[in-house]
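Working notes, structure below.
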Amino acid sequence: MSKSPKTFRPKARVPKGLRDLSAGMVRAELRMLARIREVYERYGFDPLETSAIEYADALGKFLPDEDRPNEGVFSFQDDDEQWLSLRYDLTAPLARYVAENYDGLPKPFRRYQTGSVWRNEKPGPGRFRQFTQFDADTVAAPGVAADAEMCMMGADCLEALGIPRGDYRIRVNNRKVLDGLLETIGLGGDANELTRATVLRSIDKFDKLGRKGVELLLGTGRKDESGDFTKGAGLSPSQITAVADYVGSGLGEGATTRKRVLESWRKIVGASAIGAEGIDELTEMDALFEAAGYGLDRIEFNSWIVRGLGYYTGPVFESDLLFEVKDEAGNPVRFGSVGSGGRYDGLVERFKGVKVPATGFSIGVSRLQAALELLGKLDLEAVAAPVVVLTLDAARMADYQQMVTELREAGIRAEMYLGGSGMKAQMKYADRRGAPVAVIEGEDERATGEITLKDLILGSEMSKEIADNTAWREGQPAQVSVPRARLVEEVKAILARHGLHSGLHRG
RNA sequence: GCAGCCGUAGCUCAGCUGGUUAGAGCGCUAGAUUGUGGAUCUAGAGGUCCCCCGUUCGAUCCGGGGCGGCUGUACCA
């Protein structure tokens with residue numbers, strides 16, 4: 001029990017679902033963004049930035065009310081009492097931007113955008129409350145060529161990020177096909193809207209639960225591992241069979257080509273006008289994929305891709321990683337899609353009252369990065385640490401400053417030690433920083449007009465063979481004395497020996 | 001949101017049927033070594049035992065509530 005008066009000490013902790021990114025992670029993300037940007041630029045998209053905060057009503061759907069102002073989005077009230085929200089994706093702000101600037105934009109309007117988005121929901125593996133997305137969208141393009149382009153570009157991005165062909169798949173479906181299926185089994189019309197939503201959500205879970213699980217969800221319901229029960233759609237046995245047959249139709253021996261998949265779907269939903277339209281659209285996309293040489297190893301038609309309800313109106317697609325990801329403990333982690341998109345013809349209409357067809361693709365950069373990190377495929381060490389100039393004499397700081405400046409002017413990443421500890425600690429600091437070279441100028445050196453350069457990379461290797469500390473220190477391994485005037489050249493020589501160019505990048 | 005498990009130093013964890021000063025390993029800071037990274041030895045710093053309420057003479061331990069974490073599920077714009 002503390003008897004001292006209470007002093008308030010805030011607990012230092014990052015809010016849940018949010019995280020700090022250290023140097024390696026930030027650099028890794030920047031590199032990922034650069035690679036995606038290159039692909040988007042090559043496809044002819046232009047950058048756009050919009051604000052992170054929007055009026056809540058402009059984002060739509062999640063209008064905060066007094067009781068539950070934070071359902072899904074982070075919202076707060078401005079001075080004038082208007083509700084503001086942190087953007088939860090980059091598409092809704094795009095719709096606002098397009099509506100606001102409609103007359104001045106070239107149409108079709110093609111833009112890419114990256115940035116943080118925020119969602120007030122439960123975090124999970126690779127799922128954060130603040131995360132980075134990288135979107136490309138084409139607005140005012142009615143034909144499915146725009147959708148096909150998104151799929152191919154998505155594949156290009158994943159490969160540009162170092163994911164080999166075959167380790168990912170762009171999975172494509174069409175909401176019109178799903179609507180056709182529902183119509184075919186007698187679930188058309190306004191009265192069945194809720195049931196339709198439940199059926200679509202069940203189909204979406206095929207990947208996770210398999211045919212058996214989906215059939216339970218379509219029927220009476222399903223109990224999960226924790227004993228929690230999910231209510232089913234309550235379909236009849238024949239309806240369940242029809243849906244399950246459709247979901248299974250894109251798989252296995254029947255799916256040797258995309259055309260085959262479309263043929264089997266046409267048999268199931270072709271009688272419905274909307275279903276036939278959806279299949280015609282996918283047929284057209286297939287022709288474009290073929291013309292561009294994007295085979296089944298990159299893009300497939302997939303019956304269980306549904307995506308969010310009440311949003312997409314035509315082709316929908318997502319990119320999935322096909323290999324298993326395991327966490328630190330070796331348990332498999334289910335990562336969800338690392339990119340997704342589709343056609344949304346109604347978003348701009350909210351503002352303008354006229355339909356503006358649009359399609360887009362969004363890469364979940366943070367989630368993809370988390371997956372690559374667990375795979376050990378994230379390149380974390382591509383920037384060389386700075387050369388460290390030791391500061392052994394407080395009265396000679398100007399000399400050290402001069403050395404650092406010379407190195408920097410030569411394009412070498414360098415810093416002088418700015419802490420308050422002695423030489424041993426300074427060496428430890430240089431070591432921990434991963435510095436390739438330590439520059440030492442103490443009394444001894446100054447007397448002779450020389451400086452000591454210590455090759456820390458070489459020294460680290462040599463230390464493995466030296467058992468005795470005294471010998472290790474007295475031997476002063478991997479260090480040379482050189483004239484002060486040759487500082488830059490000699491440091492460069494050591495860096496070159498380790499394949500480092502100027503200390504800025506690894507060779 | 002719902003369900004299950006969990007919550008003790010920076011990290012990984014001990015801890016007596018509820019009893020006075022809560023421990024270890026690793027890590028951190030420093031000394032041994034007038035100016036040298038690893039190893040070794042030594043010392044030091046670091047804890048409202050998640051929070052609140054209750055039971056009790058007394059709670060890190062028992063009960064209730066809350067918060068947080070993990071897993072499953074729901075949702076995923």
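In what follows, chains carry the letters A, B, and so on, assigned in the order in which the sequence lines appear, proteins first and then strands, with residues in each chain numbered from 1.
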task = Counting heavy atoms from C-beta on, name the nucleotide in A77(B), U73(B), G37(B) closest to the side chain of Lys208(A).
result = U73(B)

task = Could you check how far NZ of Lys231(A) sits from P of C2(B), rounded to whole Å?
result = 19 Å

inquiry  = Closest-nucleotide mapping onto RNA chain B: is Asp455(A) or Ala425(A) further toward the 5' terminus? I mean the 5' end.
reply    = Ala425(A)

task = Examine C76(B): is either OP1 or OP2 under 4.0 Å from a nitrogen or oxygen in the side chain of Arg307(A)? Give yes or no.
result = no

message = Which label fits Tyr417(A) and Tyr429(A): parallel for a plane angle under 30°, tilted from 30 to 60°, or perpendicular past 60°?
response = perpendicular

query = OP1, OP2 of C28(B) versus side-chain N and O of Arg432(A): anything below 4.0 Å?
reply = yes

ask   = Base, sugar-phosphate, or nothing for Ser421(A), non-hydrogen atoms under 4.0 angstrom?
value = sugar-phosphate

request  = Could you work out the separation of U20(B) and C61(B) based on their P atoms and round it to a whole Å?
outcome  = 14 Å

key: Heavy-atom closest contact (Arg222(A) atom, Gly213(A) atom, distance)   = CD-O, 4.1 Å

inquiry  = Is the phosphate of A30(B) approached by Lys428(A) (side-chain N or O, under 4.0 Å from OP1 or OP2)?
reply    = no

request  = Ignoring backbone atoms, establish whether Lys424(A) has a side-chain N or O less than 4.0 Å from OP1 or OP2 of A30(B).
outcome  = no

ask   = Can you find a donor-acceptor N/O pair under 3.5 angstrom joining the side chain of Gln479(A) to the base of G37(B)?
value = no

query = Base, sugar-phosphate alone, or nothing: which one does Leu456(A) contact when heavy atoms must sit under 4.0 Å apart?
reply = base

note = Between Leu90(A) and Gly115(A) the two heavy atoms that sit nearest each other are CD1-N, 4.2 Å

task = Could you tell me the separation between the CD atom of Glu318(A) and the P atom of C76(B), rounded to a whole number of Å?
result = 13 Å

request  = Please work out if Gln133(A) contacts a base, only the sugar-phosphate, or nothing of the nucleic acid, heavy-atom cut-off 4.0 Å.
outcome  = nothing

query = Of all the nucleotides listed (U36(B), C75(B), A30(B)), which has the minimum atom distance to the side chain of Lys454(A)?
reply = U36(B)

Nearest-angstrom distance, C1' atom, G25(B) to C6(B) = 23 Å

query = Any idea which heavy atoms bring Arg343(A) and Pro357(A) closest together, and the distance?
reply = NH1-CB, 3.5 Å

query = Base, sugar-phosphate, or nothing: which does Ile440(A) touch, judged by heavy atoms less than 4.0 Å apart?
reply = base

message = Counting distance alone, no hydrogens or angles: does the base of G72(B) have a donor or acceptor under 3.5 Å from a partner atom on the side chain of Lys122(A)?
response = yes

request  = Could you tell me the separation between the CD atom of Gln426(A) and the C1' atom of G37(B), rounded to a whole number of Å?
outcome  = 12 Å

request  = Could you work out the separation of G37(B) and U21(B) based on their P atoms and round it to a whole Å?
outcome  = 42 Å

query = Taking the same atom, C1', in U56(B) and in G64(B), what whole-Å distance lies between them?
reply = 16 Å

ask   = Checking Tyr40(A) side chain against Cys157(A) main chain: does a donor-acceptor pair fall under 3.5 Å?
value = no

message = Please give the distance between the C1' atoms of A59(B) and C52(B) as a whole number of Å.
response = 14 Å

task = Look at all strands and tell whether Asp393(A) reaches a base, only sugar-phosphate, or nothing, counting heavy atoms closer than 4.0 Å.
result = nothing

message = Expressed as a whole number of angstroms, how long is the span from Ile451(A):CD1 to G35(B):C1'?
response = 16 Å

task = With P as the reference atom in both, quote the distance from G44(B) to U8(B) in angstrom, rounded to an integer.
result = 26 Å

message = Categorize Tyr429(A) for me: base, sugar-phosphate, or nothing, with a 4.0 angstrom heavy-atom threshold over every strand shown.
response = nothing

ask   = What heavy-atom pair brings Ala414(A) and Val404(A) nearest, and what distance separates the two atoms?
value = O-CG1, 4.0 Å

request  = Keeping the roles fixed (side chain from Ser337(A), backbone from Ser319(A)), state whether a donor-acceptor pair exists under 3.5 Å.
outcome  = no

inquiry  = Let me check I have this right: for RNA chain B, each base becomes ., (, ), [, ] or |, based on Watson-Crick or G-U pairs with both distances under 3.5 Å. What is the full string?
reply    = (((((((..((((.....[...)))).(((((.......))))).....(((((..]....))))))))))))....

message = Checking Asn173(A) against Tyr312(A): is there a side-chain donor and acceptor pair closer than 3.5 Å?
response = no

ask   = Just how far, in rounded Å, is P of C75(B) from CZ of Arg222(A)?
value = 12 Å

inquiry  = From C-beta outward on Asp444(A), which listed nucleotide comes closest to its side chain: A77(B), G35(B), G37(B)?
reply    = G35(B)

Options U36(B), G68(B), C75(B), nucleotide nearest the side-chain atoms of Arg201(A) = C75(B)

note = When rounded to whole Å, the CE to C1' distance for the pair Met423(A) and G35(B) reads 5 Å

task = Using the C1' atoms only, state how far C49(B) lies from A14(B), rounded to an integer number of Å.
result = 13 Å

ask   = Which residue lies toward the 5' end of RNA chain B, Asp431(A) or Tyr312(A), if each is placed at its nearest nucleotide?
value = Asp431(A)

message = Can you see if the side chain of Thr230(A) gets near the phosphate of C2(B) - specifically, an N or O under 4.0 Å from OP1 or OP2?
response = no

ask   = Roughly, in whole Å, what's the span from CD in Glu121(A) to P in C2(B)?
value = 16 Å

task = Calculate the interatomic distance between Glu461(A) atom CD and G37(B) atom P; express it in whole Å.
result = 18 Å

inquiry  = Test: salt bridge (Lys or Arg N to Asp or Glu O under 4.0 Å). Region: residues 385-398 of chain A. Which pairs qualify, not counting sequence neighbours?
reply    = Asp393(A)-Arg446(A), Arg396(A)-Asp399(A)

key: G66(B) and C2(B), which share atom name P, separated by this distance in whole Å   = 10 Å

message = Does either side chain, that of Glu445(A) or that of Thr452(A), offer a donor lying less than 3.5 Å from an acceptor on the other one?
response = yes

